[in-house]
**Q** 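Pasting a structure here, questions to come.
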Amino acid sequence: MQPVRIHNLQKSYGGIQALRGITFDVQEGELFGLIGPDGAGKTTLFRIITTLLKPDSGEASVLGKDVVDEYNAIRSSIGYMPGQFALYQDLSVRENMNFFASVFGTTLEQNYELVAPIYRQLEPFENRLAGALSGGMKQKLALSCALIHKPALLVLDEPTTGVDAVSRKEFWQMLHRLKAKGITILVSTPYMDEAKQCDRIALMQNGGILSIESPSAVTRQFDRQVWSVRAGSKYRLIQFLRGYEHAESVQPFGESIHYIDYRAGFDPADFKQMLERNGFQGVQVQQVAPGIEDVFIRLMEQEETYE
Amino acid sequence: MNELIIEAQNLTRKFGDFTAVDHITFDVGRGEIFGFLGANGAGKTTAMRMLTGLLSPTAGEARVAGYDVASQAEQIKQEIGYMSQKFSLYGDLTVYENIRLYGGIYGLGDEEIRKKSAELVEMLQMEALRDKRVGALPLGWKQKLAFSVALIHEPKIVFMDEPTGGVDPITRRQFWEQIYKVAEEGTTVFVTTHYMDEAEYCDRVSIMVDGRMDALGSPAELKKQFEAEDIEQVFIKLARGADRDEG
């Protein structure tokens with residue numbers, strides 16, 4: 001049984017289409033990522049999956065149960081961590097744990113083994129109010145509360161947003177450990193660099209899915225050579241390349257510019273000379289493997305062309 | 001020598017026994033894009049508050065745009081812009097009203113505000129959205145508008161807090177191009193972010209650990225120095241060594 005099955009799901013708010021017919025399945029034990037910017041529809045999709053919102057049309061089933069007709073059965077077997085910190089700020093760490101455990105008819109002791117790797121880091125602060133915790137610690141507490149009833153499916157809405165790089169890395173390590181225990185995980189993130197942590201990713205934009213693949217397959221399907229170009233001022237280089245007749249795509253990428261050329265027989269040495277003739281100094285041109293962001297940009301550009 | 005917009009010498013701030021910022025020394029030049037990184041609790045916010053004239057140092061000194069942060073805080077406020085993704089604009093005011101409000105706050109005259117508003121709306125190609133509530137705009141537009149508004153009084157330096165979080169990769173790059181443009185024109189851009197690949201867009205990056213500035217250099221230099229593939233790895237190597245109890 002696939003823990004999540006979504007078929008042609010649609011949802012609008014007023015005149016705005018938040019989900020435009022989304023279809024995908026999540027396999028048992030999979031760590032599945034939804035990657036996309038704010039406004040892509042990730043949260044709407046998660047609210048439907050967690051039975052907090054009804055779809056306008058289409059079907060969604062979670063753990064074999066329909067999200068509309070059998071919502072009650074779903075609620076007790078999933079763990080959900082919403083994007084906004086949703087624990088009680090005026091309760092202590094321990095009180096929040098006890099509260100969520102009792103709501104699900106269990107206790108911390110009963111499921112201690114599952115939450116221990118995460119909760120142990122919180123134990124020194126058991127009596128601190130949840131509202132007084134740092135971002136990284138709040139996130140650990142929220143995950144512990146979502147896990148307290150041993151859910152078969154974890155749904156995590158942007159758990160790493162606003163959290164520093166070290167806490168983010170630790171959080172992903174925790175998710176891998178939970179996956180190893182057989183828990184299926186559906187997670188969303190706006191950070192493209194987190195895609196590689198997932199078994200499969202769906203790239204989302206404007207209420208639709210651009211692609212569903214494993215992270216390595218996503219970048220393998222990229223059918224263009226990407227050149228990393230450096231030459232002093234990035235701003236002047238971008239302006240110049242945007243006006244260059246053979247340029248297909250010119251995008252800043254950290255310290256360099258990612259450049260894609262229209263021509264089949266692109267010659268980097270000629271290209272370098274051309275830049276030098278136009279007054280650029282210290283020119284470096286290097287082929288690089290395309291990343292998830294290169295793919296996402298290309299898929300977005302293609303969508304715009306089709307529409 | 002390039003004009004310095006920030007000159008910090010042993011800048012320090014204590015709260016009781018706790019040293020939030022511990023003798024940091026660094027310079028930022030005119031037109032430079034400077035990344036200011038650190039884990040939660042490393043002292044970034046306290047340092048930023050001193051540099052923007054909101055908090056006095058307990059030791060050391062800093063000059064921003066030529067003014068002393070301890071004794072000339074009011075002058076500093078005239079010379080800086082500030083943009084935070086979350087708090088910069090009023091969602092219930094229109095695009096035009098937000099521009100006029102900030103123009104007024106920064107002390108521009110009526111005539112100047114009128115001229116600037118028209119220029120700004122045109123530059124952002126937001127003519128059609130002029131009378132729309134800002135709260136109803138897509139995030140990417142809000143960010144571009146917030147950035148332009150932070151520059152309305154032509155500050156020497158603009159401080160930005162996680163400027164491009166949450167937007168799609170194309171909008172994000174359009175935003176960086178806007179940053180490159182103002183930097184090329186001579187405005188210094190000071191960026192704090194948790195987004196490590198955002199740091200790679202900066203000319204130089206500093207990383208704070210336990211109140212100290214433990215790394216400072218161009219992204220390429222730091223990667224070489226710490227034998228790391230990217231800034232995220234540099235950051236993790238440094239922040240793992242932090243003593244501060246996170247709690």
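Proteins get letters first, then strands, A, B, ... in listed order; numbering begins at 1 in each. Values below: every heavy atom of this structure, side chains too, minus hydrogens, waters and symmetry copies.
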**Q** Considering residues, nucleotides and ligands other than Glu123(A), do more than 12 of their heavy atoms fall under 6.0 Å from its CD?
**A** yes
**Q** Would you give the length of the straight line joining atom CD of Glu170(A) to atom CZ of Arg240(B), rounded to the nearest 0.5 angstrom?
**A** 6.0 Å
**Q** Rounded at 0.5 Å granularity, tell me how far CZ in Arg172(B) sits from CD in Gln251(A).
**A** 11.0 Å
**Q** What is the distance from atom OH of Tyr191(A) to atom NE2 of His194(B), rounded to the nearest 0.5 Å?
**A** 7.5 Å
**Q** Please determine whether the number of non-hydrogen atoms from other residues, nucleotides or ligands lying under 6.0 Å from atom CD of Gln287(A) exceeds 12.
**A** yes
**Q** So with a 6.0 Å cut-off around NZ of Lys142(B), is the heavy-atom count from everything else above 12?
**A** yes
**Q** What part of Glu158(A) gets closer than 4.5 Å to chain B, counting heavy atoms only: side chain, backbone, both or neither?
**A** neither
**Q** Which one wins on heavy-atom pair count under 4.5 Å against chain B: Ala40(A), Gly254(A), Pro37(A)?
**A** Gly254(A)
**Q** Between Ile297(A) and chain B, which part of the residue has a heavy atom less than 4.5 Å away: side chain, backbone, both or neither?
**A** both
**Q** Heavy-atom count around Lys237(B) NZ within 6.0 Å, excluding the residue itself: above 12?
**A** yes
**Q** Would you say that Asp197(B) contacts Met192(A) through its side chain, given a criterion of any heavy-atom pair below 4.5 Å between the two side chains?
**A** no
**Q** Do the side chain of Lys169(A) and the main chain of Glu232(B) share a donor and acceptor less than 3.5 angstrom apart?
**A** no
**Q** Looking at NZ of Lys181(B) and CD of Gln239(A), how far apart are the two atoms once the value is rounded to the nearest 0.5 Å?
**A** 8.5 Å
**Q** Quick one: are Glu255(A) and Lys223(B) in side-chain contact, heavy atoms under 4.5 Å?
**A** yes
**Q** Could you measure the distance from the CD1 atom of Ile257(A) to the CZ atom of Arg173(B)? Nearest 0.5 Å is fine.
**A** 10.0 Å
**Q** As a quick check of understanding, evaluate side chain to side chain contact (heavy atoms under 4.5 Å, CB included) for Arg168(A) and Met196(B), giving each step before the final call.
**A** CA-CA 11 Å; Arg168(A) 274 170 59 195; Met196(B) 288 304 126; 5.5 Å; no
**Q** Rounded to the nearest 0.5 Å, how far does CG of Asp168(B) lie from CD1 of Ile35(A)?
**A** 14.0 Å
**Q** Sequence neighbours excluded and cut-off under 3.5 Å, please list the side-chain donor-acceptor pairs for residues 213-222 of chain B, or say none.
**A**
unit_1	atom_1	unit_2	atom_2	d
Asp214(B)	OD1	Arg212(B)	NE	3.2
Asp214(B)	OD2	Arg212(B)	NH2	3.1
Ser218(B)	OG	Glu221(B)	N	3.1
Glu221(B)	OE1	Ser218(B)	N	3.0

**Q** For Ala239(B) and Val166(A), work out which heavy atoms get closest and say how close.
**A** CB-CG2, 3.4 Å
**Q** Determine whether more than 12 heavy atoms belonging to other residues, nucleotides or ligands lie under 6.0 Å from atom CD of Glu229(B).
**A** no
**Q** Tell me the closest heavy-atom pair linking Met300(A) and Pro169(B), and the distance in Å.
**A** SD-CD, 4.2 Å
**Q** Quick one: what part of Glu177(B) sits under 4.5 Å from any heavy atom of chain A, side chain, backbone, both or neither?
**A** both
**Q** Of all of Ser233(A), Pro252(A), Pro124(A), which one pairs up most often with chain B through heavy atoms under 4.5 Å apart?
**A** Pro252(A)
**Q** Would you mind checking which part of Lys44(B) comes under 4.5 Å of any heavy atom in chain A, side chain (CB onward), backbone (N, CA, C, O), both or neither?
**A** neither
**Q** Under 4.5 Å from any heavy atom of chain B, what part of Arg298(A) do you find: side chain, backbone, both or neither?
**A** neither
